[in-house]
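Structure first, then comments.
All residue numbers in this chain count up from 1 along the given sequence. Heavy-atom basis, side chains included; hydrogens, waters and symmetry copies ignored.
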Amino acid sequence: MAIRGIRGAVTADTNTKESIAKATQTLLRRMLTANKIEDAQIISVFFTVTTDLNADYPAAAARAMGWADIPLLDAQEMEVPGGMSRVIRALMHVETDIPRAELAHVYLGAAEGLRPDLKL
């Protein structure tokens, strides 16, 4: 088994706890499904959010999914003029036999515009 990083991003509809949780959980589930990863294979997840998302932590949404024993970290991104609004990014570290070139990185909603080359 190798340790691999899977990237993903999604936009939240609003700066509310519910919207952040829904977007985060949708992203995480898609990342797992697209790569056929089980929860037991997850080593850790690092989340970042744009400065306009401060109603809750994405890690709280992961904890609500039952990820109590997975190390999670939240951070706020720097504010960049002209940057996309309400973005949640995730870097998930997993144990897998999937070759690096075959990993499916997941960008949903308006966040697809961040990596148009990675259409699923």
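In the hydrophobic clustering of ILVMFWY residues, with side-chain heavy atoms under 4.5 Å counting as a link, I98 and I42 come out together. Both L108 and L103 are assigned to one and the same hydrophobic cluster, defined by single-linkage of ILVMFWY side chains at heavy-atom distances under 4.5 Å.
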After noting the C-alpha distance and the side-chain angles of M84 and T11, does the key distance pass the side chain to side chain contact (heavy atoms under 4.5 Å, CB included) rule? CA-CA 9 Å; M84 192 174 287; T11 49; 4.0 Å; yes
Does the side chain to side chain contact (heavy atoms under 4.5 Å, CB included) test come out yes or no for D74 and F46, once each step is laid out? CA-CA 6 Å; D74 289 300; F46 178 61; over 6 Å; no
Hey, mind stepping through L28 and M92 against side chain to side chain contact (heavy atoms under 4.5 Å, CB included) and telling me if it holds? CA-CA 9 Å; L28 295 174; M92 182 183 295; 3.8 Å; yes
Does the side chain to side chain contact (heavy atoms under 4.5 Å, CB included) test come out yes or no for I88 and L53, once each step is laid out? CA-CA 8 Å; I88 301 163; L53 288 179; 3.6 Å; yes
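A salt bridge does not link R4 with E95: none of the charged nitrogens is closer than 4.0 Å to a carboxylate oxygen.
In this structure, E112 CD and Y107 OH are separated by 11.5 Å, a value rounded to the nearest 0.5 Å. Rounding to the nearest 0.5 Å gives a distance of 10.0 Å between NZ of K22 and OG1 of T14. The distance from the CD1 atom of I70 to the CZ atom of R63 is 7.5 Å, given to the nearest 0.5 Å. Expressed to the nearest 0.5 Å, how far CG of D39 lies from CH2 of W67 amounts to 6.0 Å. Distance CG/L32 to CD1/I37: 7.5 Å, rounded to 0.5 Å. How far CG of D97 is from CD of Q41: 8.5 Å, rounded to the nearest 0.5 Å.
A heavy-atom distance below 4.5 Å is not found between the side chains of M31 and H105. When side chains are defined from C-beta on, R89 counts as touching L114, because their heavy atoms get closer than 4.5 Å. For the pair N35/V94, no side-chain contact is recorded, criterion being any heavy-atom separation below 4.5 Å from C-beta on. Contact annotation: the side chain of S44 never approaches that of L73 to less than 4.5 Å [non-hydrogen atoms, C-beta and beyond].
In the displayed structure, M1 atom CE is contacted under 6.0 Å by more than 12 heavy atoms of other residues, nucleotides or ligands.
Taking every heavy atom of both residues into account, P58 and V49 meet most closely at CG-CG1, 3.5 Å. Heavy atoms only, all atoms of each residue included: T48 and E77 are closest at OG1-OE2, 2.6 Å. Nearest heavy atom pair, residue S85 against residue T50, reads C-OG1, 4.1 Å. Across all their heavy atoms, V106 and A34 have their closest contact at CG2-CB, 4.1 Å. Across all their heavy atoms, I6 and A104 have their closest contact at CG2-O, 3.5 Å. Across all non-hydrogen atoms, the minimal contact from A59 to L72 is O-CD1, 3.7 Å.
Residues passing the side chain to side chain donor-acceptor pair (under 3.5 Å) test with T26, sequence neighbours excluded: none.
The backbone N or O of A55 sits less than 3.5 Å from a side-chain atom of N15, completing a donor-acceptor pair.
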